[in-house]
Every structure is written in C-alpha cells, then in structure tokens.
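Input: a single structure, listed below in structure tokens.
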Number of protein chains: 2
Amino acid sequence: MALATKKGPSAKLRSAAFKRVRADHSAELAGDYVEMIADLIDERGEARCTDIAMRLGVANATVVKTLRRLQTAELVTQEPYRAIFLTAEGWKMAEDGRRKHALVEKFLLALGVSTETARIDSEGIEHHVSSETLRAMGKFLARHGS
Amino acid sequence: MALATKKGPSAKLRSAAFKRVRADHSAELAGDYVEMIADLIDERGEARCTDIAMRLGVANATVVKTLRRLQTAELVTQEPYRAIFLTAEGWKMAEDGRRKHALVEKFLLALGVSTETARIDSEGIEHHVSSETLRAMGKFLARHGS
DNA sequence: CATATAACTTAGCCTATGCTAAACTTTGGA
DNA sequence: TCCAAAGTTTAGCATAGGCTAAGTTATATG
C-alpha cells in the first residue's frame with residue numbers, strides 16, 4: 001500500500017462507539033416492549049398483544065414472536081391466550097426506561113422544541129444516552145425551567 | 001373485554017414515533033458507512049474494506065455484504081478488488097451526516113459531558129435527531145459556549 | 001347455550017446484519 | 001520472475017425483526 005500506511009492509534013477506540021450503538025439497538029426493542037406493557041397495565045389493568053401491536057405499529061404476529069424472546073430473557077410471563085405480565089426484572093427495566101424517557105423528553109422541551117417533536121425524538125434518543133449525558137441533562141433542567 | 005374497552009384516540013399517533021425509530025435504524029447503517037468512507041478518503045486518499053471493518057468493529061465479510069447493498073442504493077461504486085468510491089448522492093449523505101454529527105457532538109460538549117462521552121453518545125444520537133431538535137441545539141450553541 | 005367475532009397462535013416467508021472458513025487477487029520483495 | 005502475505009470475495013450459517021395467511025381459543029350476545 002503506497003499511500004497512508006498509518007492505521008491510526010484509535011481504531012479500537014473508534015470501533016467501541018459503533019459497538020455500543022449496536023448493543024443499544026438489541027436492548028432497545030426489549031426496553032420499548034416492557035415500557036409499553038407497564039404503561040398498558042397501569043392504564044387499563046392488563047396488557048394484550050393487540051394493544052401492543054397497535055401502539056407499536058407492527059403486526060400482531062410480530063408481537064407474539066418478540067414476546068417469546070422476552071419470555072426467554074425472563075422479562076415477561078404469559079400463559080397462552082392470556083394477558084401479559086412483567087417479571088420483577090421486567091418492571092425494573094420498565095421503570096428505568098420511563099425515568100430516562102421522561103427526562104429526555106422534558107429536556108428537549110426545555111431546549112425549546114415542540115411537544116410533538118419532543119415526544120418523537122425522545123423515543124429514538126433515549127436508548128443512546130449514557131448516564132453521564134443523562135446527568136448533564138438533569139443539571140440543565142435544574143438550572144433552566146421545569 | 002370487561003375492563004377498559006377504550007382504545008384511546010392516539011394509537012396511530014403513538015405508533016408514528018416507533019415507525020420513525022424503525023425507519024431511522026434502516027437508514028443509520030448506510031449513513032455510518034458513507035460517513036466513514038468519506039473520512040477515509042479525506043484522511044488517507046482511499047477507502048478499503050479492511051479499514052472500514054476495523055473502525056466499525058465488524059468482520060470483513062460483513063462490510064463486503066453491506067457495500068453490495070449500498071451499491072444497489074447507488075451510494076457507492078466499486079470494482080472488484082479495488083478501493084471504494086462515493087457517488088454524488090453518497091457524498092451528499094456523508095456531508096449531511098458529518099454536519100449533524102459535529103453539531104450533536106459540540107452540543108453535548110457544551111452541555112458539559114466529557115470528550116469521550118460526547119464522541120460515543122453523539123454516534124448513537126445523531127440518527128434520531130429531527131431537524132427541529134437540531135436547530136434547537138444550534139441555538140443553544142449560539143447562546144452558550146463554542 | 002350456540003355461535004360469531006375478536007384475540008391469539010402457528011407456519012412460512014423475507015431482508016438486514018452479524019459471523020467463520022475457504023477461495024481468490026494483488027502486490028511487494030527476495 | 002515468482003511467491004508469500006495482505007486484502008478481497010464467496011459460501012454458508014445464525015439471529016432479529018418484519019410480514020401475510022390460516023388455524024385455534026375465548027367470550028359476548030342473541
């Protein structure tokens with residue numbers, strides 16, 4: 001290779017960021033599901049496949065398949081043809097997600113974006129925000145409005 | 001259904017956010033690739049599979065397969081066993097990504113997070129930030145630091 | 001109490017994104 | 001000039017996460 005043989009010392013450091021993003025993505029779906037199941041249980045007393053499918057905007061069969069994975073991961077429990085429940089770990093993950101989600105959304109609002117954009121962007125952003133950034137957002141909220 | 005028959009008026013609105021997130025994810029990988037190819041071309045004169053694989057932290061074969069998709073999408077061009085080039089559209093996407101990425105990273109720094117965290121988090125966040133939020137970040141930067 | 005409808009499940013398909021192992025080109029040196 | 005090392009590609013596999021269509025179970029109501 002004639003030109004630019006230098007690999008740069010930071011190849012491994014660079015790749016770490018992308019690895020984190022990929023890892024976040026695998027965890028993301030599980031987080032969205034348990035958060036939504038928790039919301040449904042709180043709002044309406046029970047969580048059903050159909051409601052999840054509707055809110056997520058996917059087909060019913062997709063929800064069923066994903067729920068099987070979540071059962072394997074011990075985040076939810078379910079009997080055939082019955083409502084869906086969260087395990088203790090599932091509730092913990094849901095609570096964490098809610099806290100994070102709420103903070104990011106409030107932060108975006110405080111930054112000056114519209115309600116609608118805050119709602120949509122926070123959904124995408126929440127899973128990629130480290131605890132350090134989350135703390136920084138919290139501090140910002142403490143200084144500036146609500 | 002005895003309890004809670006009400007579907008809520010916002011099911012479709014809710015699902016829109018998740019649909020956006022899913023759409024973002026499909027576009028994300030393409031964005032990361034073209035941005036990295038652009039960086040490699042600028043830094044070292046050419047972009048090769050091996051360098052992309054190393055920086056991304058994935059196997060070589062994965063890069064090859066993804067590049068085929070990017071060729072189909074007319075974002076890159078490539079002859080067998082040769083370096084990789086961006087099409088005009090590829091360059092445009094790379095530039096957009098860089099601008100967005102740089103802005104998000106600077107914003108996180110201004111918010112008070114460490115260099116390292118800003119680098120890592122911005123990688124995950126950049127693909128989920130709407131133009132409205134981006135503008136809000138820009139305004140914040142104009143007011144506060146750098 | 002029988003049955004239609006709504007909800008759930010299964011089966012089978014697809015694409016995206018990863019991997020390893022093996023085969024093939026290029027190319028720099030001996 | 002020719003060969004070995006480095007880089008590239010192919011082949012084959014796995015998992016995640018989508019879909020539709022067809023079958024099964026629960027239940028609300030006539």
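In the text below, chain A, chain B and the rest are named by the order of the sequence lines, each starting its count at 1. Atom set for the values below is all heavy atoms of this structure, side chains included, hydrogens, waters and symmetry mates excluded. Since the model is a prediction, treat every value here as computed from it, not as a measurement.
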Tell me the interatomic distance from [X], atom [atom1], to [N], atom [atom2], rounded to whole angstroms.
{"X": "B:L56", "N": "C:dG18", "atom1": "CG", "atom2": "C1'", "value": "12 Å"}
{"X": "A:R48", "N": "D:dT25", "atom1": "CZ", "atom2": "P", "value": "15 Å"}
{"X": "A:K19", "N": "C:dT17", "atom1": "NZ", "atom2": "P", "value": "18 Å"}
{"X": "A:Q78", "N": "C:dC8", "atom1": "CD", "atom2": "C1'", "value": "9 Å"}
{"X": "B:D51", "N": "D:dA6", "atom1": "CG", "atom2": "P", "value": "14 Å"}
{"X": "A:E79", "N": "D:dA26", "atom1": "CD", "atom2": "P", "value": "11 Å"}
{"X": "A:L29", "N": "C:dT17", "atom1": "CG", "atom2": "C1'", "value": "15 Å"}
{"X": "B:M54", "N": "D:dA6", "atom1": "CE", "atom2": "P", "value": "12 Å"}

| So, A:E116 and A:R119, do they make that salt bridge, N to O below 4.0 Å? | yes
[X] vs [N]: side-chain N/O to OP1/OP2 distance below 4.0 Å:
{"X": "A:R68", "N": "C:dT10", "answer": "yes"}
{"X": "B:T50", "N": "D:dT8", "answer": "yes"}
{"X": "B:R69", "N": "C:dT15", "answer": "no"}

| Closest-nucleotide ordering on DNA chain D, the 5'-leading residue of A:A30 and A:R82 | A:A30
Every protein N/O lying under 3.5 Å from an N/O of nucleotides 19-23 of chain C:
| from | atom 1 | to | atom 2 | distance (Å) |
| --- | --- | --- | --- | --- |
| C:dC19 | OP1 | B:A59 | N | 3.4 |
| C:dC19 | OP2 | B:A59 | N | 2.5 |
| C:dC19 | OP2 | B:T62 | OG1 | 2.7 |

| task | With heavy atoms under 4.0 Å as the rule, sort A:E28 into base, sugar-phosphate or nothing. | result | nothing
| request: Would you please classify the geometry between the B:H25 ring and the A:H25 ring as parallel, tilted or perpendicular, with 30° and 60° separating the classes? | output: tilted
Please check if [X] and [Y] belong to a single hydrophobic cluster, counting links between Ile, Leu, Val, Met, Phe, Trp and Tyr side chain heavy atoms closer than 4.5 Å.
{"X": "A:L67", "Y": "B:F18", "value": "yes"}
{"X": "B:L111", "Y": "B:I125", "value": "yes"}
{"X": "B:V58", "Y": "B:V76", "value": "yes"}

Enumerate, atom names and distances included, each donor-acceptor pair closer than 3.5 Å involving a side-chain atom of residues 84-103 of chain B, sequence neighbours excluded.
| from | atom 1 | to | atom 2 | distance (Å) |
| --- | --- | --- | --- | --- |
| B:T87 | OG1 | B:E74 | O | 2.7 |
| B:T87 | OG1 | B:L75 | O | 3.2 |
| B:T87 | OG1 | B:E89 | N | 3.4 |
| B:T87 | OG1 | B:G90 | N | 3.0 |
| B:K92 | NZ | B:D96 | OD2 | 3.2 |
| B:E95 | OE2 | B:R98 | NH1 | 3.4 |
| B:D96 | OD1 | B:R99 | NH2 | 2.8 |
| B:R98 | NE | B:D39 | OD1 | 3.1 |
| B:R98 | NH1 | B:D42 | OD2 | 3.4 |
| B:R98 | NH2 | B:A38 | O | 3.3 |
| B:R98 | NH2 | B:D39 | OD1 | 3.0 |
| B:R98 | NH2 | B:D42 | OD2 | 2.9 |
| B:K100 | NZ | B:V129 | O | 3.4 |
| B:H101 | ND1 | B:E35 | OE2 | 3.2 |
| B:H101 | ND1 | B:E126 | OE2 | 3.0 |
| B:H101 | NE2 | B:S122 | OG | 3.2 |

| task | State whether the side chain of A:D121 and the backbone N or O of B:S130 hold a donor-acceptor pair below 3.5 Å, judged by distance alone. | result | yes
